[in-house]
**Student:** 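There's a structure below that I have some questions on.
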Amino acid sequence: MTDTIFALASGAGRAAIAVLRLSGSGTGEVLRRLAGPLPPPRLASLRRLRAPGDDELLDEALVLWFPGPRSYTGEASAELHLHGGRAVLEGVSNALLALGARPAEPGEFTRRAFLNGRLDLTAAEGIADLIDAETAAQRRQALRQAGGALAERYAGWAGRLTRLLAHQEAAIEFAEEGLPNSLEDEMRAGAMSLAAEIRAHLDDGGRGERLREGVWAAIIGAPNAGKSSLLNALAGRDAAIVSSTAGTTRDVVEVRLELAGVPVLLADTAGLRETVDDIEAEGVRRARRQAEQADLVLAVFAADQTPDAETLAMVAPGVVVVANKTDLAAAPAGIGGVAPLAVSARTGAGMDRLRAALTEAVAARAGLTAEAGLTRPRHRAALDEAAGWLDEAAAAPLPELASEALRAALRALGRLTGRVGVEDVLDVVFGDFCIGK
Ligand SMILES: Nc1nc2c(c(=O)[nH]1)N(C=O)[C@@H](CNc1ccc(C(=O)N[C@@H](CCC(=O)O)C(=O)O)cc1)CN2
Ligand SMILES: Nc1nc2c(ncn2[C@@H]2O[C@H](COP(=O)(O)OP(=O)(O)OP(=O)(O)O)[C@@H](O)[C@H]2O)c(=O)[nH]1
């Protein structure tokens, strides 16, 4: 028995149609009392909805009935496609409450799908990412993960690990019986190759995580170099205040761009300089912090000024160096040993090349990998831990310690997918080896 839960599945606010989703053991009964005899499974049927014990019509709606287990959650579920008005939604929600259903917690439908074994944790995360996806590349990554691409890979590793553990347990048995065996050597070789594979998967430069979260880019430069003007030109709108007064930008102004299918959060910062103005000084501190934390830094210089030492100090490999105001003076050949991109935010000259350079820099840092890659710090932490335990298993001086390390590696993978339990090991031990003497 599960609670019967309901929630608005479509967006809130005025809309033509509102979809209410229901799930739980009592769904069939609730539906019958609200909409009459149950419609044929998974076929949209037009029904009059009435509050129980009341003849008043609440809505004429399309009703879908999914008997368990063939539903999204894996349990009895239903959908009510209502007219989108607020009063309709309120009337039907009140009727559902009166019939004993309760509002769902955030994520509760997918949680139930997970508990019913319909998807693993990484696939559930993929669904959450799909709902938040803003770009085509994010959508592809999320669909891949929701479709079980990571789940399959991690389940494959967990399967291999389970087998290694089973072999190791058998090796301990054989040793007790004084039988010669090579199982322990096999375990060590297997643990080392699995650790190497996991590390190769981890060694992706954080591309998937950055695609999911967006690339953080910061524009730095001296006051009046034209940082705000460049941000506005890249954003295609007046997001930051432009003025000839140096020190205009005091806080961090951010705009969202999409480059190479990756969301980019571009931040304009206060001009880097020594200042006696408290507020501006705090702005400069924030600018430095922003630049330190950014995945991508644009260092902007005014072509008609000598490059300032503050910004020059921030030029490093990977930093995009820009010479602005080239309508006033020619760009220097090199700034901090780098050939700058010559632009004029005023005339628009060079802006296409700047955009192309930024796109390339973003593509180098984020985006889809050939094979499904990890997308969250949670994945990285668990995999890193699993690889560490595999190293320990391969190097363990005692068979029992190797077993313990393999078990810990399996637990780390199990946390990742929410899947692996002790029973899986028992299945292999008893299934593969028939140790049950
Ligand atoms: N109206 C509506 N649209 C939706 C969803 C939904 O739940 N309702 N989805 C929700 O995320 C997505 C589609 N995903 C779904 C995944 C599985 C099942 C489902 O009922 N699966 C059963 C039956 C399959 C079948 O008919 O053959 C199953 O797998 O056993 C439904 C939707 C996107 N669009
Ligand atoms: N001639 C010329 N002037 C420019 C160009 N880009 C910006 N400016 C002018 O330079 C001044 C400063 O521009 P901003 O974009 O506010 O400069 P900033 O670097 O953000 O300045 P702070 O907010 O003080 O850090 C403004 O008067 C702009 O109109 C350019 O390409 N050519």
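For clarity, every value in this text was computed on a predicted model and none was experimentally measured. Order of listing sets the numbers, starting from 1, for every ligand and every atom in it. This chain uses plain numbering: 1 for the first residue, then up along the sequence.
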**Student:** Just distances here: any N/O of T326 and N/O of ligand 2 closer than 3.5 Å?
**Tutor:**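 Between T326 and ligand 2 (N or O atoms, distance only) the closest approach is not under 3.5 Å.
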**Student:** Taking T122's backbone N and O only, do any of them form a donor-acceptor pair with D120's side chain (distance below 3.5 Å, no angle check)?
**Tutor:** yes
**Student:** So for ligand 2, is R346 a polar contact partner (N or O within less than 3.5 Å, distance only)?
**Tutor:**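 By distance alone, the answer is yes.
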**Student:** Hey, is atom 33 (C) of ligand 1 touched by any protein heavy atom at less than 4.0 Å?
**Tutor:** no
**Student:** Mind checking whether W389 and L413 have side chains closer than 4.5 Å, heavy atoms only?
**Tutor:**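 The answer is no; the side chains never approach within 4.5 Å.
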**Student:** Going by heavy atoms in the side chains, are L354 and V320 under 4.5 Å from each other?
**Tutor:** yes
**Student:** Does any N/O atom on T269 come nearer than 3.5 Å to any N/O atom on ligand 2?
**Tutor:**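 The answer is no, given that T269 and ligand 2 share no N or O pair closer than 3.5 Å.
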**Student:** If you scan the protein for heavy atoms around atom 10 (C) of ligand 1, do you find one that is closer than 4.0 Å?
**Tutor:** yes
**Student:** Heavy-atom pairs closer than 4.0 Å: do any link ligand 2 to the side chain of N224, the backbone, both, or neither?
**Tutor:** both
**Student:** For ligand 2, is there an atom lying under 4.0 Å from some heavy atom of A225?
**Tutor:**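 It does; at least one heavy atom falls under 4.0 Å.
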**Student:** At less than 4.0 angstrom from any non-hydrogen atom of D327, what atoms of ligand 2 do you find?
**Tutor:** 1 (N), 2 (C), 30 (C), 31 (O), 32 (N)
**Student:** Can you find an N or O of V343 that's nearer than 3.5 Å to an N or O of ligand 2?
**Tutor:** no
**Student:** Taking only heavy atoms of P223, which atoms of ligand 2 are found under 4.0 Å from at least one of them?
**Tutor:** 24 (O), 25 (O)
**Student:** For a quick check under 3.5 Å, do E125 and T375 share a side-chain donor-acceptor pair by atom type?
**Tutor:**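 Short answer, no.
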